[in-house]
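Proteins get letters first, then strands, A, B, ... in listed order; numbering begins at 1 in each. None of these values were measured; they are calculated from a predicted model.
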Amino acid sequence: MPELPEVETVRRGIEPAIRGKRILSAEVIPDPKGIRTLRRVRSAPAFRKNLTNRIIEKVDRRGKYLLIYLNHDEILIIHLGMSGRLLIRRPSDPPDPHTRIIFHLEKKLELRFADPRKFGEVYLFSPALGETAVNPLDLGPEPFDPEITSAWLLSRLAKSSRPIKAALLDQYLIAGIGNIYSDEILHASRIRPDRNASSITREEADRIVRHTRRILKLAISKRGTTAGDGVYRDSRNQPGSFQNHLQVYAREGEGCYHCRSKIASRTIGGRTAHFCPECQK
DNA sequence: ATTGGGACCTGCTCGC
DNA sequence: TGCGAGCAGGTCCCAA
């Protein structure tokens, strides 16, 4: 669900509310079927114990991950998966369905993690407990990182035989792009999603770099995309509005705004790709 | 070594 | 109206 623009919107929503606040307790809601959410977080009791009385220092984002920095050098890392939400609530607010964890904060605030499909994950990094070895954030650079240039991208694509869409979805190449924005970026760049990555030219790589930044920036300003099943919501449970600006995603069978041809959709690299057969070559 | 496909969950929509 | 199949924005793991 949430890609970079959605995660960034959530970050901007929760940061001012929770920064500087003390965590009074972390309430992990038991799930008889097992909680994928806590798969890598040791046991729920240890998780609760380590979060109690920590103070939230800042909220960062890396790719699609949220990093909640706590005092004593601990980092709470949250990935929203497909359907995860982080909601700023009051104790008196009605319960949210599928809530997995409630972080009770001082000043009568709650940060609730709700996730119907349970694809979200929560990690707690505690150097004090020797948990520094694995870093799930060993991702590719952020799309806005100046390190990303057309020459840089071209060199990464040159020796790869996968479709360009699969490459853009690779978080270890560039962090933060998901299925919606990869379709939009390739349409704006006039490149078919099934093109072999090694066939991309310098000029095309330049278009990818520029449109990636432009589209992600625009999507952030529109507070993300709430398309299709409308799963995505921000920290106040509000939808985004970038779905009103989509050129190809979720528009199969409709006319391309540029050439009026019918938008096609087919599976590429295990994901549904949407593209204009006329505009994209 | 890469790459492709299935698995992981639940809820919703569509077609019969 | 009811029900099962198919599908959903992500990532991991395994086999080729």
J.: Expressed as a whole number of Å, how far does the P atom of C:dG6 sit from that of B:dG6?
T.: 13 Å

J.: Please tell me which of the listed nucleotides, C:dG10, C:dC12, B:dG4, lies nearest to the side chain of A:Pro163?
T.: B:dG4

J.: Between B:dG11 and C:dC12, how far apart are the P atoms? Round to whole Å, please.
T.: 24 Å

J.: I want to check one thing: is the phosphate of B:dC9, taken as OP1 and OP2, less than 4.0 Å away from some side-chain N or O of A:Ser83?
T.: no

J.: Find the distance A:Glu121:CD to C:dC12:C1' and express it as a whole number of Å.
T.: 9 Å

J.: Could you let me know what C:dC3 is paired to, Watson-Crick or G-U wobble, both distances under 3.5 Å, or none if it's on its own?
T.: B:dG15

J.: Which residue in the set A:Arg195, A:Glu204, A:Arg192 passes side chain to side chain contact (heavy atoms under 4.5 Å, CB included) when paired with A:Ile164?
T.: A:Arg195

J.: For residues A:Leu76 and A:Phe103, determine if any side-chain heavy atom of one lies less than 4.5 Å from a side-chain heavy atom of the other.
T.: yes

J.: Which whole-number value in Å describes the distance from A:Asp31 CG to B:dC8 P?
T.: 15 Å

J.: Can you check salt bridge (Lys or Arg N to Asp or Glu O under 4.0 Å) on A:Arg85 and A:Asp96, steps first, answer last?
T.: CA-CA 10 Å; A:Arg85 293 179 188 176; A:Asp96 294 287; over 6 Å; no

J.: Measure the distance between the ring centre of A:Phe119 and the centre of the six-membered base ring of C:dT11, then answer whether it is under 5.5 Å with planes under 30°.
T.: no

J.: When the P atoms of B:dA7 and C:dA5 are compared, how many Å lie between them, rounded to an integer?
T.: 16 Å

J.: For the side chain of A:Arg162, counting heavy atoms from C-beta on, which of C:dT11, B:dG4, B:dG11 is nearest?
T.: B:dG4

J.: To the nearest angstrom, how far is A:Arg271 atom CZ from C:dA8 atom C1'?
T.: 9 Å

J.: At under 4.0 Å between heavy atoms, what does A:Gly178 touch on the DNA or RNA strands: base, sugar-phosphate, or nothing?
T.: sugar-phosphate

J.: Can you tell me the distance, in whole Å, between the OH atom of A:Tyr232 and the P atom of C:dG10?
T.: 14 Å

J.: Please give, in whole Å, the distance from B:dT3 P to A:Lys165 NZ?
T.: 16 Å

J.: Which nucleotide, B:dG4, C:dG10, B:dT10, lies nearest any side-chain atom of A:Lys118?
T.: B:dT10

J.: Whole angstrom is fine here: how far is it from OH in A:Tyr181 over to P in C:dG9?
T.: 13 Å

J.: So, does A:Ser161 get its side chain near the phosphate of B:dT3, meaning an N or O under 4.0 Å from OP1 or OP2?
T.: yes

J.: Would you indicate what A:Ala166 reaches in the nucleic acid, counting non-hydrogen atoms under 4.0 angstrom: base, sugar-phosphate, or nothing?
T.: nothing

J.: For the pair made of CD in A:Glu252 and C1' in C:dC7, what is the distance, rounded to whole Å?
T.: 11 Å

J.: Of the listed nucleotides (C:dT11, B:dT10, C:dA8), which one gets closest to any side-chain atom of A:His98?
T.: B:dT10

J.: Return no unless some side-chain N or O of A:Lys64 is found under 4.0 Å from OP1 or OP2 of C:dT11.
T.: yes

J.: Mind checking who B:dT10 pairs with, Watson-Crick or G-U wobble, both distances under 3.5 Å?
T.: C:dA8

J.: So which nucleotide from B:dG11, C:dT11, C:dC12 ends up closest to the side chain of A:Tyr172?
T.: C:dC12

J.: I'd like to check A:Gln238 versus A:Thr226 (side-chain heavy atoms, cut-off strictly below 4.5 Å). Are they in contact?
T.: no

J.: Could you tell me the separation between the CD1 atom of A:Ile78 and the C1' atom of C:dT11, rounded to a whole number of Å?
T.: 17 Å

J.: CD1 of A:Ile185 to CD1 of A:Ile208: how many Å apart, nearest 0.5 Å?
T.: 8.5 Å

J.: Tell me which nucleotide among C:dA8, B:dC9, B:dT3 gets nearest to the side chain of A:Thr272.
T.: C:dA8

J.: So, do A:Ile148 and A:Arg213 sit near enough that their side-chain heavy atoms are less than 4.5 Å apart?
T.: yes

